[in-house]
Protein chains: 2
Amino acid sequence: MRENKYMLIYNELADKIQKGKIESNSMLPSEYILAEQFSTSRETIRKALNLLSQNGYIQKIKGKGSVVLDVKKFDFPVSGLVSFREIAESSGKAWRTNVHELVLVKPDETLCQHLKISGKEEVWQVIRSREVDQENIILDKDYIRRKFVPTITKDICEVSLYQYFEKNLGLVISFAKKEITVEEATEEDYKYLDMKEYNHVVVVRNQVYLDDTSLLQYTESRHRLDKFRFVDFARREHR
Amino acid sequence: MRENKYMLIYNELADKIQKGKIESNSMLPSEYILAEQFSTSRETIRKALNLLSQNGYIQKIKGKGSVVLDVKKFDFPVSGLVSFREIAESSGKAWRTNVHELVLVKPDETLCQHLKISGKEEVWQVIRSREVDQENIILDKDYIRRKFVPTITKDICEVSLYQYFEKNLGLVISFAKKEITVEEATEEDYKYLDMKEYNHVVVVRNQVYLDDTSLLQYTESRHRLDKFRFVDFARREHR
DNA sequence: AAGTGGTCTAGACCACACG
DNA sequence: GTGTGGTCTAGACCACTTC
């Protein structure tokens with residue numbers, strides 16, 4: 001692995017904090033001391049510490065030092081940009097993906113808006129439901145620009161689209177805009193999900209961008225109400 | 001004002017991008033040139049640019065430069081750590097806060113867990129509903145440790161607790177852990193909200209921390225389904 | 001080859017916390 | 001006063017893109 005020095009330091013410290021090898025509420029060594037310990041400069045240490053701070057591992061206090069926060073990171077499901085597979089696997093529950101549709105389409109008007117493209121461009125439509133503990137609780141509707149992804153197979157859809165994009169196609173997913181709302185369930189939801197008595201779903205709309213800022217994919221993730229959970233760590237912007 | 005050089009540069013560029021004075025999809029000048037223009041060092045420019053990147057204003061591409069993204073920032077309501085008042089005011093809609101309860105209580109067991117305190121500590125209980133366009137659509141239940149906030153008045157609750165904490169009490173709110181779920185409406189919800197035909201609410205649970213890492217406040221924000229919206233900008237962590 | 005962003009260094013001065 | 005994190009500098013080398 002060609003790892004940056006500050007990333008190595010970040011990973012080492014994050015790992016120790018997560019595993020409790022560094023106690024929460026204790027103080028990290030000062031930046032000067034860390035710089036010495038890792039035989040590096042203070043600015044490099046600071047890069048690592050700022051990452052820890054951004055991700056909720058520590059709190060830096062001017063004049064005092066860096067306090068280790070108590071992270072229960074095994075607690076986060078949908079924060080940031082993570083695929084269903086990554087979440088499902090880390091949760092340890094039995095899960096399965098059912099592929100209902102995998103076709104090339106010309107986008108209609110709303111879809112053009114979401115994908116910011118013309119109606120002539122071809123787009124993959126993938127419809128999948130996610131089964132956890134024998135219940136279909138999430139309906140994922142993915143629309144992917146064929147321009148970036150020439151072929152998709154059913155097998156790929158059952159494992160992970162993201163993994164395929166990144167490992168096999170070399171696409172670098174960089175950022176996303178996410179919107180969460182609650183809407184009335186559609187016929188599609190009733191068809192593919194085990195809806196029980198619920199008549200609404202949580203809808204997570206996602207626009208996924210590559211590192212060259214082009215829009216790769218639009219995704220609608222529809223969750224049964226009782227199975228939806230989103231957790232987030234946020235720092236306040238002071239102005 | 002604490003005017004860091006990199007903050008000044010960040011604010012100036014963010015402002016220009018938001019107002020369209022720098023076109024989206026255009027390139028920023030290179031870091032070397034910006035350093036010259038702002039008569040500063042490249043590392044300082046890089047701090048400003050990294051902030052822009054984190055907040056979705058630009059995308060940095062190695063070997064090429066920084067692309068200006070098209071931000072419609074008037075689009076985000078609940079991302080990060082913002083109070084209802086800040087959101088309501090920037091949305092421009094008519095809003096009002098109705099205070100239903102403002103009392104000192106000893107926390108019960110669940111509340112103790114959320115606040116991570118013993119049952120002996122006194123806590124302010126504030127229950128408010130938020131009225132937008134003549135409809136009560138959000139029920140906010142705040143629990144604030146009296147240890148940090150000796151007194152609260154009804155007037156303060158009607159305006160903004162955060163503003164009071166920060167401007168009057170000098171408390172510095174630093175970060176929060178947020179959880180979003182959907183739950184069955186309680187009697188309280190029916191009592192204080194205009195629930196229409198809905199029988200569920202979106203529940204946003206928030207633990208708010210000060211800059212010395214102590215927990216100040218636990219908040220439950222209960223939204224009528226149709227009026228809830230959360231948007232987020234997320235960058236992918238590559239490992 | 002020239003230009004770009006990414007990393008890293010060794011030093012400097014400041015503001016803040018604490019004894 | 002001493003130690004801490006926050007800011008800033010001027011320079012270096014690297015990897016990548018483009019010509």
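Quantities reported herein were computed from a predicted structural model and do not represent experimental measurements. Lettering of chains follows the sequences in order, A, B, ..., and the numbering in each one begins at 1.
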Q: Taking 4.0 angstrom as the limit, do Arg146(A) and Glu121(A) come out as a salt bridge?
A: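 So Arg146(A) does not pair with Glu121(A) through a salt bridge.
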Q: Mind telling me whether Phe228(B) and His223(B) have parallel, tilted or perpendicular rings, with 30° and 60° as the class edges?
A: perpendicular
Q: For Phe148(B) and Phe165(B), I'd like to know if the aromatic rings sit close, meaning centre-to-centre distance below 6.0 Å.
A: no
Q: Just to be sure I understand the rule, does Tyr32(A) reach a base, reach only the sugar-phosphate, or reach nothing, if contact means heavy atoms closer than 4.0 Å?
A: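 If one applies the 4.0 Å heavy-atom cut-off, Tyr32(A) turns out to touch a base.
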Q: State the CG-CD1 distance between Leu28(B) and Ile17(B), to the nearest 0.5 angstrom.
A: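 CD1 of Ile17(B) is found 5.5 Å from CG of Leu28(B).
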Q: Identify whether NZ of Lys or CZ of Arg in Arg205(A) sits under 6.0 Å from the centre of the six-membered ring of Tyr218(A) and within 45° of that ring's axis.
A: no
Q: Once the angle between the rings of Tyr57(A) and Tyr10(A) is folded into 0 to 90°, is it parallel (under 30°), tilted (30 to 60°) or perpendicular (over 60°)?
A: perpendicular
Q: Which is the 5'-most and which the 3'-most nucleotide of DNA chain C that has an atom under 4.0 Å from a heavy atom of chain A?
A: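 The contacted stretch runs from dT7(C) to dC18(C).
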Q: Please report the distance, rounded to the nearest Å, between CD in Gln59(A) and P in dG5(D).
A: 13 Å
Q: Does Leu49(A) reach a base, just sugar-phosphate, or nothing at all? Heavy atoms under 4.0 Å.
A: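 If one applies the 4.0 Å heavy-atom cut-off, Leu49(A) turns out to touch nothing in the nucleic acid.
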Q: Hey, which of these two, Gly63(A) or Glu43(A), hits DNA chain D nearer its 5' end, going by closest nucleotide?
A: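 With Gly63(A) and Glu43(A) compared, the 5'-side residue is Gly63(A).
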Q: Can you work out whether Lys5(A) or Ile33(B) has the more 5'-proximal nearest nucleotide on DNA chain C?
A: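 The residue whose closest nucleotide sits nearer the 5' end is Ile33(B).
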Q: Atom NZ of Lys64(A) and atom C1' of dT4(D): how far apart are they, to the nearest Å?
A: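 From Lys64(A) NZ to dT4(D) C1': 11 Å.
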